[in-house]
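To start, the structure under review is shown below, and the notes come after it.
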Amino acid sequence: FPAGEPALPSDGTFWVVHEGRLTLDRGLRLLVEAARLLRSPRVRFLVIGGVPWKEAEWFAAQTTKDGTVDRFHLTRFLPYHQVPDWLRSGSAGLCLNQTPNALTGTPNKFFNYLRFGLPILTLAHPIMGPIVRSADCGLELARPGVPGELADAIDRLASDPDRVAKMSAAASKLFADELNWERMED
């Protein structure tokens, strides 16, 4: 990706990013429920993509009911060349998909988060979990589907800028040294 600037102003918000369509099977319900449990007022969710129409009605009703609608910023569909500037605005990246297919591979967003130095929050995952743990570039949640665990992990990161900086450096290093197209093709 070419050099660029963050799409959002740097105002102290701890932006937790989900890249791609956010659907129920990709963690939408978990994220909405976790948003209600967050303690830090600095945390907001950046969805680089959107919520498809089938889930959008539920999402709007639930976040309005919970009083969390202002915690979410959805870009809607973007041309791919614009995605990097939005990723540059992030503080951490989410990998919440737990479908059977998702458990057999690693999504592109995982590599994009590493590339942009975003600590990764992933649910227990047979591939991403060991990578995140061994590189100390994020947190693997042991109990998939537990909103309180996700909210606590986000709050911990939002309140610990030193830990986030270390994880961010580890994510960038892992991408530069190992998990990039050039290295993986060798």
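Evaluation of the side chain to side chain donor-acceptor pair (under 3.5 Å) rule for T23 yields D25 as partners, not counting sequence neighbours. For S89, the side chain to side chain donor-acceptor pair (under 3.5 Å) criterion is met by no residue, not counting sequence neighbours. With sequence neighbours excluded, no residue forms a ring-ring contact (aromatic ring centres under 6.0 Å, His included) with Y113. For R143, the side chain to side chain contact (heavy atoms under 4.5 Å, CB included) partners two or more places apart in sequence, or in a different chain, are V146, E149. Residues satisfying the ring-ring contact (aromatic ring centres under 6.0 Å, His included) test with F14, not counting sequence neighbours, are none. The side chain to side chain contact (heavy atoms under 4.5 Å, CB included) check on P9 picks up nothing, with sequence neighbours excluded. Under the ring-ring contact (aromatic ring centres under 6.0 Å, His included) criterion, F59 pairs with F72, sequence neighbours left out.
To the nearest 0.5 Å, atom CG of residue L121 and atom CG of residue L150 are 6.5 Å apart. Distance check, rounded to the nearest 0.5 Å: CG of L28 to CG of L96 gives 10.0 Å. In this structure, CG on L94 lies 9.0 Å from OG1 on T122, to the nearest 0.5 angstrom.
Listed by first then second residue, pairs satisfying salt bridge (Lys or Arg N to Asp or Glu O under 4.0 Å) with a partner in residues 56-71 read R36-D66, not counting sequence neighbours. Within the structure, side chain to side chain donor-acceptor pair (under 3.5 Å) contacts touching residues 42-56 (residues at least two apart or in different chains) do not occur. Residue pairs satisfying the salt bridge (Lys or Arg N to Asp or Glu O under 4.0 Å) criterion with at least one member in residues 6-21, sequence neighbours excluded, are absent.
Between S168 and G117, the shortest heavy-atom distance links the atoms OG-O, 2.5 Å. P147 and E33 get closest at one heavy-atom pair: CG-OE1, 3.1 Å. Contact between A153 and L141 at its shortest, heavy atoms only, is CB-CD2, 3.6 Å. The two residues A34 and A151 come nearest to each other via the heavy atoms O-CB, 3.6 Å. What you find for C95 and I120 is that their closest heavy atoms are SG-CG2, 4.3 Å.
Although no hydrogens or angles enter the test, the distance criterion places no donor-acceptor pair under 3.5 Å between the side chain of S91 and the main chain of V16.
Between F175 and N112 the shortest side-chain heavy-atom distance does not fall below 4.5 Å. Residues D152 and R39 form a side-chain contact, since some pair of their non-hydrogen atoms from C-beta on lies under 4.5 Å apart. Using a 4.5 Å heavy-atom threshold, the side chains of V51 and L74 count as touching.
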List, one per line, each side-chain donor-acceptor pair under 3.5 Å for residues 156-163, sequence neighbours excluded.
residue	atom	partner	partner atom	Å
S159	OG	D155	O	3.1
S159	OG	R156	O	3.1
D160	OD1	R163	N	3.1

What donor-acceptor contacts under 3.5 angstrom involve side-chain atoms of residues 123-139, with partners at least two apart or in another chain?
residue	atom	partner	partner atom	Å
H125	ND1	I127	N	3.0
H125	ND1	M128	N	3.0
H125	NE2	A102	O	2.9
H125	NE2	G105	O	3.2
R133	NH1	E140	OE1	2.1
R133	NH1	E140	OE2	3.4
S134	OG	P130	O	3.0
S134	OG	I131	O	3.3

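L114 and V164 are members of different hydrophobic clusters when ILVMFWY side chains are connected at heavy-atom separations under 4.5 Å. Under a hydrophobic-cluster definition in which Ile, Leu, Val, Met, Phe, Trp and Tyr are linked whenever side-chain heavy atoms come within less than 4.5 Å, directly or via other members, L22 and L24 are assigned to the same cluster. Each of L46 and V69 belongs to its own hydrophobic cluster when Ile, Leu, Val, Met, Phe, Trp and Tyr are linked at side-chain heavy-atom distances under 4.5 angstrom. Residues V17 and F110 fall within the same hydrophobic cluster, defined by Ile, Leu, Val, Met, Phe, Trp and Tyr side chains chained together at heavy-atom separations under 4.5 Å. Residues L78 and W15 fall within the same hydrophobic cluster, defined by Ile, Leu, Val, Met, Phe, Trp and Tyr side chains chained together at heavy-atom separations under 4.5 Å.
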Show, in sequence, the C-alpha distance, side-chain angles and deciding distance for H18 and K109, and conclude whether the side-chain contact (heavy atoms from CB on, under 4.5 Å) test is met.
CA-CA 8 Å; H18 172 86; K109 70 183 86 202; 3.2 Å; yes

Just do the side-chain contact (heavy atoms from CB on, under 4.5 Å) check on L8 and T13 with the steps written out, would you?
CA-CA 10 Å; L8 295 169; T13 299; over 6 Å; no

